[in-house]
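Proteins come first, then strands; the chains are lettered A, B, ... in the order of their sequence lines, and each starts at number 1. These values consider heavy atoms only, across backbone and side chains, with no hydrogens, waters or symmetry-generated copies.
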There are 2 protein chains.
Amino acid sequence: MTTPKEPPGHGEDDCAFRSFLDRVADKWSMLIVVTLEQTPKQRMRFSALMRAVPGISQRMLTTTLRHLERDGLLTRHFYPEIPPRVEYELTALGKDLKSPMGQLVRWIRFNWKAIKKARGSFDRKKPGRDGRV
Amino acid sequence: MTTPKEPPGHGEDDCAFRSFLDRVADKWSMLIVVTLEQTPKQRMRFSALMRAVPGISQRMLTTTLRHLERDGLLTRHFYPEIPPRVEYELTALGKDLKSPMGQLVRWIRFNWKAIKKARGSFDRKKPGRDGRV
DNA sequence: CGGTATCCGTTATGATACTG
DNA sequence: CAGTATCATAACGGATACCG
């Protein structure tokens with residue numbers, strides 16, 4: 001974002017808000033937060049997260065975890081053993097976020113069949129306009 | 001999404017879920033849905049949305065509205081007057097979504113100062129690692 | 001194990017110009 | 001007014017290789 005143009009009538013506060021929306025309204029961020037929410041131990045190792053969030057690449061997991069750490073939503077616990085062990089845990093702020101985020105994810109899980117159906121009928125009506133699956 | 005590669009061990013259901021997450025967990029989608037939620041008339045014209053969602057370009061507004069329409073979250077009412085008038089309104093599904101989505105947006109509005117602060121202290125500790133605003 | 005660095009194709013998106 | 005079309009660019013994100 002980096003304050004692209006500052007739309008008139010809105011200060012940097014609004015722009016900052018947007019940059020957080022960008023971060024929080026992110027697929028991987030959501031999946032990681034709800035995954036950490038659900039684990040009984042409250043903490044998960046890097047490799048465990050990798051397995052728990054299917055489809056994520058090592059690079060995206062690292063990147064997203066750093067962003068979440070930077071935003072104060074989780075903490076990284078590094079144990080310099082051999083082999084090294086790293087555990088991630090939601091902060092108080094992160095635990096507070098898991099409720100609204102979890103609700104949204106649950107909403108999608110519950111309603112995606114309706115969305116799928118809507119997409120089907122929309123594509124049938126307007127074949128050439130937005131046919132991308 | 002277009003079913004990119006189907007990560008092993010997960011059916012199309014999971015993949016479909018992801019594609020909806022991608023769509024719903026989107027900055028512009030969220031801002032549009034919560035904007036439509038808040039308008040008293042329940043409906044908004046294209047130009048009104050353009051004004052209500054500061055910073056969005058005409059192209060992104062059109063694109064996002066089409067996606068939301070395709071997903072069955074809003075309906076497009078076209079009045080072939082001169083000049084033409086188009087109004088957008090949340091469907092029942094869209095109105096159902098506005099609650100979890102609104103909560104998330106409200107959470108960010110309420111907590112972004114804490115996030116801002118967290119970012120500041122993180123960047124002070126690790127200057128070279130993730131300096132992007 | 002838990003990363004980091006790099007390459008590189010795909011997608012997202014802003015700017016601009018044009019139209020019914 | 002409410003788009004559509006086109007272009008250029010930035011950002012995303014996967015694959016791969018290497019490291020402490």
I want to verify a distance call: between D:dC1, D:dG14, D:dT4, whose nearest atom is closest to the B:Arg66 side chain?
D:dT4
Interatomic distance where CZ belongs to B:Arg23 and P belongs to C:dA12 [whole Å]
8 Å
Would you indicate which nucleotide in D:dG20, C:dG3, D:dA2 comes nearest to any side-chain atom of A:Pro84?
D:dG20
Under 4.0 angstrom, heavy atoms only, what part of the nucleic acid is A:Tyr88 near: base, sugar-phosphate, or nothing?
sugar-phosphate
Sidechain-backbone polar pair: B:Thr64 side chain, B:Leu61 backbone, donor-acceptor under 3.5 Å:
no
Taking OP1 and OP2 of C:dG2, is either one under 4.0 Å from a side-chain nitrogen or oxygen of A:Ser47?
yes
Carefully, step by step, assess A:Val24 and B:Met30 under the rule side-chain contact (heavy atoms from CB on, under 4.5 Å).
CA-CA 11 Å; A:Val24 170; B:Met30 287 202 186; over 6 Å; no
Could you check which of C:dT13, D:dG3, C:dG3 has an atom nearest any side-chain atom of A:Val86?
C:dG3
Can you identify which nucleotide, out of C:dG3, C:dG2, D:dA2, has its nearest atom closest to the A:Arg45 side chain?
C:dG2
d(CG, B:Leu65; P, D:dT4) in whole Å
10 Å
Measure from CG on A:Asp26 to P on C:dA12 and round the result to the nearest Å.
13 Å
Expressed in angstrom and rounded to an integer, what is the separation of B:His77 atom NE2 from D:dC1 atom C1'?
17 Å
With side-chain contact (heavy atoms from CB on, under 4.5 Å) as the criterion, how do B:Val105 and A:Phe17 come out once you've worked through the C-alpha distance, each side chain's angles and the decisive distance to 0.1 Å?
CA-CA 9 Å; B:Val105 172; A:Phe17 166 73; 3.8 Å; yes
Rounded to the nearest 0.5 Å, the CZ atom of A:Phe78 sits from the CZ atom of A:Arg85 at a distance of 10.5 Å
Measure from CG on A:Leu61 to C1' on C:dC1 and round the result to the nearest Å.
13 Å
Interatomic distance where CE belongs to A:Met50 and P belongs to D:dG14 [whole Å]:
10 Å
Assign A:Glu81 to base, sugar-phosphate, or nothing according to its heavy-atom contacts below 4.0 angstrom with the strands shown.
nothing
In terms of the nearest nucleotide of DNA chain C, which residue is placed more toward the 5' end: A:Thr63 or B:Met60?
A:Thr63
To the nearest angstrom, the CD1-P distance between B:Ile32 and C:dT13 comes to 11 Å
Of the listed nucleotides D:dG3, D:dG13, C:dG14, the one nearest the side chain of A:Arg59:
D:dG13
Would you kindly give the NE2-to-P distance between B:His67 and C:dA12, to the nearest whole Å?
8 Å
Which of A:Leu68, A:Thr35, A:Leu49 passes side chain to side chain contact (heavy atoms under 4.5 Å, CB included) with A:Tyr88? It is A:Leu49
What nucleotide, of C:dG2, C:dG14, C:dC1, holds the atom closest to the side chain of A:Pro83?
C:dC1
